[in-house]
Amino acid sequence: MNQYIIDGQLVSSTDPLFSQALLQAYNKKVRPLCSCKTPGVEMYLARTSTEQVIIKRMPNTGHSHNPDCDSYEPPAELSGRGELQSKAISEDQTTGKTALKLDFSLSKSSITRTMGKGTGEPAAVVKADPKKLSLKSLLHYLYDEAGLNRWTPAMAGKRNWFVVQKHLHLAASKSTAKKQSLADRLLIPEPFRPDDKAGITARRRQFLSKFTKKGSSQPVGILVGELKLIDQARFGHKMVIKHLPDAPLYYGDDVEKRLNKSFARELDLHAEDETVHTLVAATFTLSASGNMQLDAVTMMSTDSNWIPFDDFDERSMIETLTTNHRRYIKGLRYNLSPGDIIASALLTDTGDSPTALYIDPHNDEQNPEFAESLDRVIKDSEYSSLVWRPLCGEVLTLPPASRPTTGA
């Protein structure tokens, strides 16, 4: 529940008259204040295409909100989003929509059967354009906007594909790419229900029909879903997505080799650990037969609570935070390479000032340059910090929470 000061009155987002209060404030050109801090933090109002008035965080003010507030956002130095904000990600305060600049095309003049940009090639080799979103950073953006990289103890046992799909779709509905609604290009499989199998299939066929080739132009779609398995096809291979078993993505042997090279860790985890959810973001085209053909792909490993992690150390950190009933935001790299320094997580239950958690994946003798760079990042940050060095035999010891660590 969020509370706002609207025209001098404190109004809750759950109040039956909340929408009416927003409309009146919009007509009077009054800016609401978020009450998460005193004095309140200024917000803005926008009218959607359906004439609904919505309340939004002012651009670049996320760090001004209380860490517990839904409008809170980590500052630039703690997230890969920082270098993309106002460049590849920009908000229209009139409509409340967020315009995204992508580094991959949403149409093709001819169909190719190879993976293009965003395939997971090591970012340390090919640096992504900071003014555009790669396929991987688009997945991170949707996850970020959906709030799925945030965790509170009250969420335990309440996340499943229904929740993930719902919030990812909502995030997409508030975004545009190439001046089109991102939701119109994005296929996120509905949770499968046996009693609605025919309806689900009909809705998917209707959605995919917009990607039929027209003349020399081939529309490109985007799919986000959970990997089920990769199997042999009659010619080449097919990637089967959960809740989408009868509509796999097809691709050739050359793509399979690059897939295994680029996503060896994610694929091994998927095969070895049934508690891991492997999310796939892929661009696709339709063949003449109406089947989806893989164009570009990226993968992201998440734990049993759908919290993303990059490696074993991050997964261990997340497990420690979760089992200790802590509130936190998992850092996302977006376009940043594995060597770039960001906070792996931000503890939001340590008072008015969050605590940034960093992981140094080296011992002191392996990479002193990394340690020096990390020290500079910490000194330049306004937040408290904690550095965990697992290869030095350190145990992750968390700072105390400013309030009880159970409940919401």
Side-chain angles (χ1 to χ4, degrees), residues 1-13 18 21-22 25-26 28-48 52-101 130-131 133 137 140-150 152 167 170-171 173-176 327-332 334 342-343 345-356 377 380-385:
M1 180 184 70
N2 296 320
Q3 292 185 317
Y4 304 95
I5 302 170
I6 303 176
D7 204 11
Q9 301 295 316
L10 185 64
V11 184
S12 168
S13 58
F18 182 64
L22 293 184
Y26 180 84
K28 294 170 66 174
K29 295 181 168 51
V30 172
R31 285 205 185 276
L33 300 176
C34 180
S35 66
C36 68
K37 280 191 174 182
T38 303
V41 184
E42 193 172 76
M43 308 285 282
Y44 77 90
L45 298 173
R47 190 187 287 274
T48 68
Q52 179 186 5
V53 176
I54 58 175
I55 189 167
K56 298 270 290 184
R57 174 185 64 218
M58 291 287 288
N60 305 317
T61 64
H63 64 282
S64 300
H65 290 261
N66 188 283
D68 281 341
C69 181
D70 288 344
S71 294
Y72 175 80
E73 184 178 69
E77 74 271 13
L78 299 181
S79 167
R81 184 166 177 158
E83 70 165 8
L84 295 166
Q85 198 68 40
S86 301
K87 299 173 185 175
I89 304 170
S90 56
E91 290 186 31
D92 184 335
Q93 293 189 36
T94 302
T95 63
K97 293 274 189 177
T98 301
L100 308 176
K101 294 181 181 178
K131 296 181 181 179
L133 290 165
S137 54
H140 283 184
Y141 166 79
L142 290 171
Y143 226 71
D144 207 347
E145 285 295 296
L148 294 169
N149 61 326
R150 297 175 180 238
T152 70
H167 288 281
L170 183 61
S173 70
K174 299 176 181 178
S175 309
T176 63
R327 303 166 63 95
Y328 61 91
I329 301 174
K330 173 65 183 66
L332 297 173
Y334 286 79
I342 67 166
L346 195 65
L347 272 174
T348 58
D349 57 5
T350 55
D352 291 338
S353 179
T355 300
V377 170
D380 290 340
S381 175
E382 60 184 276
Y383 289 166
S384 301
S385 62

Checking Asp144 against Tyr334 for the side-chain hydrogen bond (donor to acceptor under 3.5 Å, both in side chains) test, could you report, in this order, the C-alpha distance in whole Å, the side-chain angles of both residues, the deciding distance, and whether it holds? CA-CA 10 Å; Asp144 207 347; Tyr334 286 79; 2.7 Å; yes
Looking only at heavy atoms, which two atoms of Cys36 and Val41 are closest? And how far apart? SG-CG2, 4.3 Å
Test item: Tyr4 and Leu33 side chains (from C-beta on) under 4.5 Å apart, heavy atoms: no
Treating Ser86 as the side-chain partner and Ser90 as the backbone partner, does any N or O pair qualify as donor plus acceptor under 3.5 Å? no
What's the shortest heavy-atom distance between Tyr44 and Gly96, and which atoms? OH-CA, 3.8 Å
Short side-chain to backbone donor-acceptor contact, Thr95 and Thr48, under 3.5 Å: no
Could Lys97 and Glu91 be called an ion pair, given the rule that one side-chain N must be under 4.0 Å from one carboxylate O? no
Given side chain to side chain contact (heavy atoms under 4.5 Å, CB included), test Tyr383 with His63 step by step and report yes or no. CA-CA 11 Å; Tyr383 289 166; His63 64 282; 4.2 Å; yes
Heavy-atom side-chain proximity of Gln93 to Pro59 below 4.5 angstrom: yes
Contact summary for Asp7 and Val30, nearest pair of heavy atoms: N-CG1, 4.0 Å
Walk me through whether Ile54 and Leu22 qualify under side chain to side chain contact (heavy atoms under 4.5 Å, CB included). CA-CA 7 Å; Ile54 58 175; Leu22 293 184; 5.8 Å; no
Do any N or O atoms from the side chain of Ser13 and from the backbone of Asn2 form a donor-acceptor pair under 3.5 angstrom? yes
Once ring-ring contact (aromatic ring centres under 6.0 Å, His included) is applied, do any residues pair with Tyr141, and if so which ones, sequence neighbours excluded? none
Could you go through Thr350 and Thr355, starting from their C-alpha distance and side-chain angles, then the distance that decides it, and tell me whether this counts as side-chain hydrogen bond (donor to acceptor under 3.5 Å, both in side chains)? CA-CA 7 Å; Thr350 55; Thr355 300; 3.1 Å; yes
In short, Cys69 meets Arg150 closest at the heavy-atom pair O-NH1, 3.7 Å
SB check Glu145 Arg81 (cutoff 4.0 Å): yes
Quick one: does any side-chain atom of Thr61 pair with a main-chain N or O of Arg57 as donor and acceptor, under 3.5 Å? no
